[in-house]
2 protein chains.
Amino acid sequence: MRIVVARCTVDYTGRLSAHLPSAPRLIVAKADGSVAVHADDRAYKPLNWMSPPCSLAIEQNPDDSDLVTWRVTNRAGEVLTIVLEEVFHDSEHQLGTDPGLVKDGVEAHLQVLLAAQPTALEPGLTLVRREHPTAIGPVDLLCRDVAGQAVAVEIKRRGEIDGVEQLTRYLELLNRDPHLTPVRGLFAAQEIKPQARILASDRGIECVVVDYDALRGTDDPESRLF
Amino acid sequence: MRIVVARCTVDYTGRLSAHLPSAPRLIVAKADGSVAVHADDRAYKPLNWMSPPCSLAIEQNPDDSDLVTWRVTNRAGEVLTIVLEEVFHDSEHQLGTDPGLVKDGVEAHLQVLLAAQPTALEPGLTLVRREHPTAIGPVDLLCRDVAGQAVAVEIKRRGEIDGVEQLTRYLELLNRDPHLTPVRGLFAAQEIKPQARILASDRGIECVVVDYDALRGTDDPESRLF
DNA sequence: CCGTAAATGTCGTCG
DNA sequence: CGACGACGTTTACGG
């Protein structure tokens with residue numbers, strides 16, 4: 001990883017055109033060839049960048065030895081050009097491959113918990129299959145309700161419109177199966193946005209807000225992911 | 001901006017829980033109090049971070065002077081804890097506020113151009129309203145065709161499936177209005193993906209590929225965004 | 001390589 | 001401040 005702090009100008013041409021006037025910035029070139037240009041605010045988002053896979057070419061300006069140009073290109077024809085005008089810091093570091101991070105609290109875990117206790121979604125609900133396959137992808141949970149009717153469950157951490165659309169597509173396919181139809185839709189999330197709720201209601205899909213911590217508290221520790 | 005390269009462990013507790021085992025990484029603390037921890041790959045995304053507004057507290061471990069702990073917290077109660085085990089580099093830089101970047105080619109500009117010349121979409125098309133409101137959000141353009149029929153236009157830079165879904169939802173709502181129904185759908189983009197085209201066709205929505213440069217060339221310079 | 005779904009998405013805008 | 005949609009979304013995962 002190469003770390004440079006320099007006054008520079010930056011130009012990006014690709015999905016759009018963007019230009020950064022001359023100013024001091026942090027430039028990070030990583031081992032995978034990627035480059036990011038950061039200002040002194042916003043932790044997450046670089047001002048400009050090139051994602052891997054891409055390649056970096058460094059050119060010395062023949063007319064002016066003070067000017068060095070970094071040209072980063074990718075297969076899609078996007079180009080990021082950085083002209084270094086004044087370098088305040090320049091160092092190289094060997095970091096090695098990162099062991100990666102361990103997460104908890106994601107959708108996968110919610111799915112495991114709800115698969116173990118489908119009655120948390122609705123009294124009498126029983127699990128038929130987790131990740132039930134369809135032509136366009138797996139449904140999170142396929143269940144049967146107390147009356148024996150099939151119920152397709154889509155699980156999200158945060159329930160938004162996208163999730164309702166996704167469940168709608170699954171329902172359309174599942175209802176073509178004579179063994180299953182008519183299939184009810186159930187949209188489960190820790191939090192459901194008003195617009196998603198309206199759309200779901202309009203499509204005849206029920207919404208259930210689930211409490212992650214409560215589910216965790218009542219489940220069998222053996223079945224936990226972590 | 002403070003730049004540290006160090007062997008460290010990182011823990012995040014907030015929207016989820018995450019842990020990074022000990023390894024060498026880049027840590028950037030910015031003027032707004034935000035902190036990002038980067039591995040030697042992926043230009044854009046940090047391994048861990050805390051977005052502003054947040055505050056950084058640096059504590060010297062009383063038992064072991066080699067261990068320094070950074071604790072970053074925000075109003076929402078999220079906590080990022082970084083324990084520095086071995087520091088390879090540590091420097092501070094004054095960057096000042098960035099002049100910011102200049103963009104071009106975004107969807108907003110396309111919408112302005114097409115609102116000014118709806119005939120670029122279809123001969124005889126006239127604009128009724130830009131950002132026409134519906135219960136689930138505004139339709140980019142509401143027009144009337146040469147026969148007087150209402151036409152809802154959804155504009156994207158790149159036309160993909162979710163854009164077609166969006167337009168479908170608008171059409172469903174607009175068609176409930178007796179003053180408008182039957183409403184035609186028109187999906188306009190600089191580039192339309194095959195899957196989006198198929199879905200649009202299935203829904204009876206027409207697709208129009210628009211040439212941004214050509215539109216720009218023929219429009220009135222007064223109406224430009226930039 | 002393309003298509004889809006997830007994300008601690010982040011970021012602007014508008015109510 | 002919250003909801004909503006755009007973003008050069010990025011990133012991971014399957015076929």
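In what follows, chains carry the letters A, B, and so on, assigned in the order in which the sequence lines appear, proteins first and then strands, with residues in each chain numbered from 1.
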Return the set of residues passing side chain to side chain donor-acceptor pair (under 3.5 Å) with [X] (not counting sequence neighbours), or none when no residue passes.
{"X": "B/Glu85", "answer": "B/Ser22"}
{"X": "A/Arg42", "answer": "none"}
{"X": "B/Asn74", "answer": "B/Glu78"}

Fill in: Any donor-acceptor N/O pair, B/Gln117 side chain to B/Leu215 backbone, under 3.5 Å
yes

Rounded to the nearest angstrom, tell me the gap between atom [atom1] in [X] and atom [atom2] in [N].
{"X": "B/Leu101", "N": "D/dG8", "atom1": "CG", "atom2": "C1'", "value": "10 Å"}
{"X": "B/Asp162", "N": "C/dA7", "atom1": "CG", "atom2": "P", "value": "17 Å"}
{"X": "B/Gln195", "N": "C/dT4", "atom1": "CD", "atom2": "C1'", "value": "9 Å"}
{"X": "B/Glu131", "N": "C/dC14", "atom1": "CD", "atom2": "P", "value": "9 Å"}
{"X": "A/Asn74", "N": "D/dT10", "atom1": "CG", "atom2": "C1'", "value": "14 Å"}
{"X": "A/Ile155", "N": "C/dA5", "atom1": "CD1", "atom2": "C1'", "value": "15 Å"}
{"X": "B/Arg130", "N": "C/dT13", "atom1": "CZ", "atom2": "C1'", "value": "14 Å"}
{"X": "A/Lys103", "N": "D/dT11", "atom1": "NZ", "atom2": "C1'", "value": "9 Å"}

Worksheet item: Is it true that A/His109 and A/Tyr212 have ring centroids separated by less than 6.0 Å?
Response: yes

Of the listed nucleotides [options], the one nearest the side chain of [X]:
{"X": "B/Ala18", "options": "C/dT8, C/dA5, D/dG8", "value": "C/dT8"}
{"X": "B/Lys156", "options": "C/dA7, D/dA6, D/dG8", "value": "D/dA6"}
{"X": "B/Lys193", "options": "D/dA6, C/dG3, C/dC1", "value": "C/dG3"}

Practice prompt. Scan residues 39-52 of chain A against DNA chain D and write down, sorted by residue number, each residue with any heavy atom closer than 4.0 Å; if none is found, say none.
Written response: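 Going residue by residue through residues 39-52 of chain A, the ones with a heavy atom under 4.0 Å of DNA chain D turn out to be A/Lys45, A/Asn48, A/Trp49, A/Met50, A/Ser51.
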
Worksheet item: If you find the nucleotide of DNA chain C closest to A/Glu154 and the one closest to A/Arg158, which residue's nucleotide is nearer the 5' end?
Response: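 Its nucleotide being nearer the 5' end, the pick is A/Glu154.
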
Worksheet item: How far does the C1' atom of D/dC7 sit from the matching atom of C/dA7, given to the nearest Å?
Response: 14 Å

Worksheet entry | P atoms of C/dC11 and D/dT11, separation to the nearest Å | 15 Å

Fill in: Any pair counted as salt bridge (charged side-chain N to carboxylate O under 4.0 Å, His left out), so long as it reaches residues 196-209 of chain B, sequence neighbours left out
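For residues 196-209 of chain B: B/Glu165-B/Arg203, B/Arg184-B/Glu206.
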
Worksheet item: Which stems does DNA chain D form, counting runs of 3 or more consecutive Watson-Crick or G-U wobble pairs with both distances under 3.5 Å?
Response: C:1-7 with D:9-15, C:9-15 with D:1-7

Discussion item. Just to verify, what does B/Asp41 make a side chain to side chain contact (heavy atoms under 4.5 Å, CB included) with, not counting sequence neighbours?
Written reply: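 If we apply the side chain to side chain contact (heavy atoms under 4.5 Å, CB included) test to B/Asp41, skipping adjacent residues, the hits are A/Asp32, B/Ala39.
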
Discussion item. For B/Asn175, give me all partners under side chain to side chain contact (heavy atoms under 4.5 Å, CB included), at least two apart in sequence or on another chain.
Written reply: B/Leu171, B/Thr181, B/Pro182, B/Val183

Worksheet item: Within the pair A/Arg15 and D/dA6, is there a side-chain N or O less than 4.0 Å away from OP1 or OP2?
Response: no

Discussion item. By the 4.0 Å heavy-atom rule, please label A/Arg197 as base, sugar-phosphate, or nothing.
Written reply: nothing

Practice prompt. Report which part of the nucleic acid B/Glu160 touches: base, sugar-phosphate, or nothing (heavy-atom distance under 4.0 Å, all strands).
Written response: nothing

Response to the item:
DNA chain D nearest-nucleotide lookup for B/Arg169 and B/Arg75: closer to the 5′ end is B/Arg75

Worksheet entry | A/Glu172 atom CD, over 12 foreign heavy atoms within 6.0 Å | no

Worksheet entry | Residues that B/Asp98 engages under salt bridge (charged side-chain N to carboxylate O under 4.0 Å, His left out), provided they are two or more places apart | A/Arg25

